[in-house]
Amino acid sequence: MSLYKHILFATDFTEHSNEVATKAKQLATINNAELSIVHIVDYIPITDAAYGPIIPYDGDLIEQLMSSAKERLAKLANDLGVAKKNQWLETGSPKLELVRIAKENKVDLIVVGSHGRHGLALLLGSTANGVLHHAKCDVLAVRLKND
Ligand code: AMP
């Protein structure tokens with residue numbers, strides 16, 4: 001029996017993301033589910049209410065980030081056997097974009113890595129935390145090693 005039909009693997013391209021990728025792939029195989037992969041280029045200009053943008057919008061920089069992210073995403077997708085139509089690359093806040101993409105594509109499981117943060121870092125909120133609190137579907141937080 002399949003528990004999930006569409007699994008979304010969120011990658012930040014860190015060295016740990018391979019562990020998360022392996023689990024997402026295995027879950028997709030076991031459930032005979034569609035596997036999608038997503039990366040969010042985390043670029044949010046920092047703006048001060050009184051003085052305007054502190055780090056101004058830089059179109060060239062974003063283009064460079066997007067182009068390098070696109071290559072990395074395509075390579076990872078190729079390694080995992082993920083089709084082009086299941087590869088997502090967006091800019092913005094990772095947690096908000098991940099939740100939006102999941103909702104718009106009828107994803108029923110989001111797979112993220114978790115650093116098991118505590119104290120102030122937990123108060124500030126990690127991506128895994130944000131997704132867990134805002135997603136309408138199941139979320140698997142894969143505990144990353146060396147934490
Ligand atoms: P963090 O809370 O930033 O340490 O990230 C925890 C997990 O959230 C990562 O292991 C990824 O699964 C996911 N994640 C973080 N940043 C991004 C990003 N920019 N794009 C896609 N997924 C991300």
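Position 1 is the first residue of the sequence, and the numbers go up from there. Note that ligands are numbered from 1 as they come in the structure, with each ligand's atoms numbered from 1 the same way.
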Are the side chain of H6 and the backbone of N105 linked by a donor-acceptor contact shorter than 3.5 Å?
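A pair under 3.5 Å: yes.
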
L80 backbone acceptor or donor facing K25 side chain under 3.5 Å:
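Such a contact is found between K25 side chain and L80 backbone.
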
[X] neighbourhood, listing ligand 1 atoms whose heavy-atom distance to it stays under 4.0 Å:
X: S126; value: 2 (O)
X: V38; value: 21 (C)
X: A128; value: 2 (O)

Rounded to the nearest 0.5 Å, how far does CD1 of I101 lie from CG of L96?
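If I round to the nearest 0.5 Å, the distance is 11.0 Å.
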
Using a cut-off of 6.0 Å, state whether more than 12 heavy atoms not belonging to E15 lie near its atom CD.
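Open.
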
[X] versus ligand 1: do any nitrogen or oxygen atoms come within less than 3.5 Å of each other?
X: A10; value: yes
X: T127; value: yes
X: V112; value: no
X: L98; value: no

Is the closest side-chain heavy-atom distance between E97 and H39 below 4.5 Å?
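They are not in side-chain contact.
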
Using a strict threshold of under 4.0 Å (side-chain N to carboxylate O), is an ion pair present between R143 and E19?
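Looking at R143 together with E19, the answer is no, because their closest N to O distance does not fall below 4.0 Å.
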
Out of I40, L73, D12, indicate the one that has the non-hydrogen atom closest to atom 23 (C) of ligand 1.
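Heavy atom nearest to atom 23 (C) of ligand 1 belongs to D12.
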
Taking only non-hydrogen atoms of T11, do any sit less than 4.0 angstrom from ligand 1?
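Per 4.0 Å heavy-atom rule, T11 contacts ligand 1.
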
Of all the heavy atoms in S17, does at least one lie under 4.0 Å from an atom in ligand 1?
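No; S17 lies far enough from ligand 1 that no heavy-atom distance drops under 4.0 Å.
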
Decide side chain to side chain donor-acceptor pair (under 3.5 Å) for N86 and S36; before the verdict, give the C-alpha distance in whole Å, the side-chain angles of both, and the deciding distance to 0.1 Å.
CA-CA 5 Å; N86 292 95; S36 289; 2.9 Å; yes

